[in-house]
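Take a look at the structure below.
Just so you know, these numbers use all the heavy atoms, side chains as well, and skip hydrogens, waters and symmetry mates. Since the structure is predicted, the reported quantities are computational estimates derived from the model, not experimental observations. In listed order, ligands and their atoms are each counted from 1. All residue numbers in this chain count up from 1 along the given sequence.
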Amino acid sequence: MTDHAVRRPPTLRFGGDYNPEQWDEATWREDVDLMRRAGVDLVTVGVFSWATLEPRPGERDFGWLDTVLDLLHNHGIGVDLATPTASPPPWLGRLHPATLPVDASGTVLHWGSRNQFCPSAQEYRDAALSITGDLARRYGRHPAVQLWHVGNELGQSCWCERTAVRFRSWLAARHGDLDGLNAAWGTAFWSQRYGRWEEVVPPRTAPYLHNPAHLLDFQRFCSDTLLELYRAERDVLREHSDAPVTTNLMGFSPVVDGRAVGAEVDVVANDHYVDPADPRSHVFAALTHDLVRSLGGGAPWLLMEQATGAVNWRPHNPPKPAGRLLTDSLQAVARGADAVCFFQWRASRAGSEQFHSAMLPHAGPDTARHREVRELGALLGRLDAVAGTPVPARAALVHDWSSWWASRGPARPTDRLRVEEQLLAHYEPLFARGVTTDVIGPDDPLEPYRLVVVPALHLLEPAPARRLAEWVRAGGTLLVGPGTGLVDRDGAVEPGRFPVRLRDLLGASGEEHHPLVEPSPCTGELGEFLVADYAERVRSDGAEVLAAHAGGDLDGVPVVTRHAVGAGRAWYCSALLPPAALDGVLARCLAETGLAGELDGVPAGVEVVRRGPALFVLNHTAGPVSVDLGATARRDLVGGQTLAGRTVLAPRAGAVLVEEST
Ligand code: GAL
């Protein structure tokens with residue numbers, strides 16, 4: 001938390017959401033006592049307290065919060081104080097029905113759950129800023145308040161008439177006049193031409209396919225609107241408090257542009273809920289953590305929410321197996337988190353999350369789950385040496401929200417080319433080799449990297465394409481995946497052989513999308529493999545062909561090419577490669593760049609990451625693994641021993657190795 005450190009010198013913070021309004025005062029006292037024993041030093045309070053703080057319009061009941069904040073402070077527990085604006089009280093919807101969100105089909109969404117607000121409704125905005133202002137005035141200088149938490153998981157969209165009005169202003173600012181809008185959206189198609197602004201509405205349920213440019217602009221508008229809400233609350237908080245301000249993101253959530261939020265928060269915070277039933281969930285978690293770190297330009301970030309055990313919102317909710325709470329948490333720290341927090345401290349007895357795990361389960365402190373929580377708290381207390389330190393990365397994946405939105409439009413060549421899957425597919429070989437990877441945006445600097453991977457950047461603007469070319473010429477290695485560089489900023493197809501803006505750099509170009517009915521055999525110096533689902537009909541315009549389709553309709557069509565440009569190389573995979581083939585391509589790219597992980601021969605399921613002075617070695621598998629830790633003897637901050645050479649890591653266990661002198 002560099003500039004806005006919630007505590008100096010930096011330490012790793014530990015805690016979770018705390019919802020005292022669900023409990024009586026005797027329980028609060030038990031809570032703070034148990035928190036202290038568990039090493040908890042940061043709790044998020046008030047996320048869903050609006051109806052308790054403002055039981056009737058304009059009334060305020062801060063007494064209970066005064067007591068809670070004082071109690072926490074007196075026990076040495078810092079507070080991340082939330083504005084309660086993600087869940088308005090029922091009276092707001094009753095008195096101001098226009099604050100209720102409307103979905104694309106025109107259905108009004110009511111109270112009785114949470115998030116029932118339209119981000120464009122002025123009455124909602126006024127009420128949200130009013131309670132935020134009062135909280136900030138009352139607690140802005142309270143010694144317990146170390147951080148502000150705006151709303152919760154920005155993610156609400158609305159298709160109502162007020163939204164339509166704001167959407168039109170947003171469009172006028174982007175496209176100038178209606179002619180500009182008609183041109184950008186290509187409304188000559190299907191008689192969609194707009195003659196008056198009143199005709200332009202959010203993309204409501206329609207008889208058939210929506211205009212993709214309309215959808216793309218609406219996603220941008222929704223994201224900008226949520227960011228506007230964040231900024232408005234943040235600015236009110238800043239008038240009365242010097243504490244840093246954040247909001248909890250949802251990693252790869254398509255609703256809000258995480259990069260735009262990252263630029264506006266004082267410290268990036270994220271919620272991540274692994275699926276214990278998914279064997280690749282630790283890889284996806286690593287990718288998400290690397291994204292989150294990159295959203296803050298590499299600065300330490302906060303894991304604001306995760307589960308200690310099971311969630312309750314998937315159809316079937318297995319708990320985390322023993323040890324996983326620890327390895328998941330160490331993984332986040334290894335990838336730059338300076339706080340490990342959970343939803344939530346005490347399991348709720350009532351309400352929709354009564355079967356969600358917590359740091360303190362219904363069964364109480366004498367439980368395996370709570371013992372793990374305490375063990376983690378004690379361990380984090382031994383890892384201060386890594387707090388505030390950077391996570392060096394020389395490889396990067398490129399991911400952009402606008403491009404992702406454009407790729408999700410309707411009626412594409414295939415629904416099997418999904419950006420999130422392509423990111424994970426390209427990330428996995430790097431993860432397996434212990435090569436730390438940032439997840440940058442197309443406008444971020446490329447200089448820190450030797451390898452840049454563009455798995456599927458559907459929308460590619462001219463400036464980033466030029467910068468990629470210059471960076472390759474200067475010696476970088478670039479790998480471009482299929483489905484890249486197809487459309488412009490408005491989602492319109494770039495005419496010409498694709499990817500139009502990269503074809504000179506790649507020395508190869510395509511002319512037709514080729515979703516496959518049958519797997520297509522491919523061969524070349526990368527070996528033999530089958531491409532399923534999606535390929536592109538490309539040709540080499542000077543690039544070496546390292547693999548080509550062999551037989552069938554695409555016989556002889558290149559599938560993997562490499563083009564030497566200046567001091568660098570540009571690789572192009574023009575098909576969805578099977579994992580082993582993609583692994584082979586990335587292995588070659590890494591060999592060319594000289595990038596490698598810190599340990600050799602790391603077994604599958606073992607993660608190796610350097611952060612600051614520490615080397616994290618995490619066994620994500622259900623069995624013991626033997627890892628060669630190298631010749632240097634290092635102290636393990638987890639187990640306390642000095643380790644070197646071949647070492648057996650227990651199932652779902654980790655080591656955090658530092659030089660003996662650290
Ligand atoms: C998050 C949310 C929390 C809680 C949690 C349950 O999305 O921010 O309030 O609902 O999920 O997993």
Less than 4.5 Å apart, side chain to side chain, heavy atoms only: is that true for Leu360 and Asp31?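 Sidechains of Asp31 and Leu360: in contact.
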Hey, does Leu287 have a side-chain heavy atom less than 4.5 Å from the side chain of Phe431?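 Not in contact.
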Between Leu216 and Phe218, does the side-chain contact (heavy atoms from CB on, under 4.5 Å) criterion hold? Intermediate values first, please. CA-CA 5 Å; Leu216 174 58; Phe218 188 64; over 6 Å; no
Verify whether the ring centers belonging to Trp301 and His289 lie closer than 6.0 Å.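 Yes: the rings meet the under 6.0 Å criterion.
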Taking the ring centre of each residue, are His356 and Phe343 less than 6.0 Å apart? yes
In plain terms, say whether Arg238 and Asp266 are close enough for a salt bridge, that is, a side-chain N and a carboxylate O under 4.0 Å apart.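 Yes, Arg238 and Asp266 are salt-bridged.
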Measure and list all N/O to N/O distances between ligand 1 and the protein that fall under 3.5 angstrom.
residue	atom	partner	partner atom	Å
ligand 1	7 (O)	Glu153	OE1	2.5
ligand 1	7 (O)	Glu153	OE2	2.9
ligand 1	8 (O)	Asn152	OD1	3.4
ligand 1	8 (O)	Asn152	ND2	2.8
ligand 1	8 (O)	Glu153	OE1	3.3
ligand 1	8 (O)	Glu153	OE2	3.3
ligand 1	8 (O)	Glu305	OE1	3.0
ligand 1	8 (O)	Glu305	OE2	2.8
ligand 1	9 (O)	Arg114	NH1	3.1
ligand 1	10 (O)	Arg114	NH1	3.0
ligand 1	10 (O)	Arg114	NH2	3.4
ligand 1	10 (O)	Glu353	OE1	3.3
ligand 1	10 (O)	Glu353	OE2	2.3
ligand 1	12 (O)	Trp313	NE1	2.7
ligand 1	12 (O)	His356	NE2	2.7

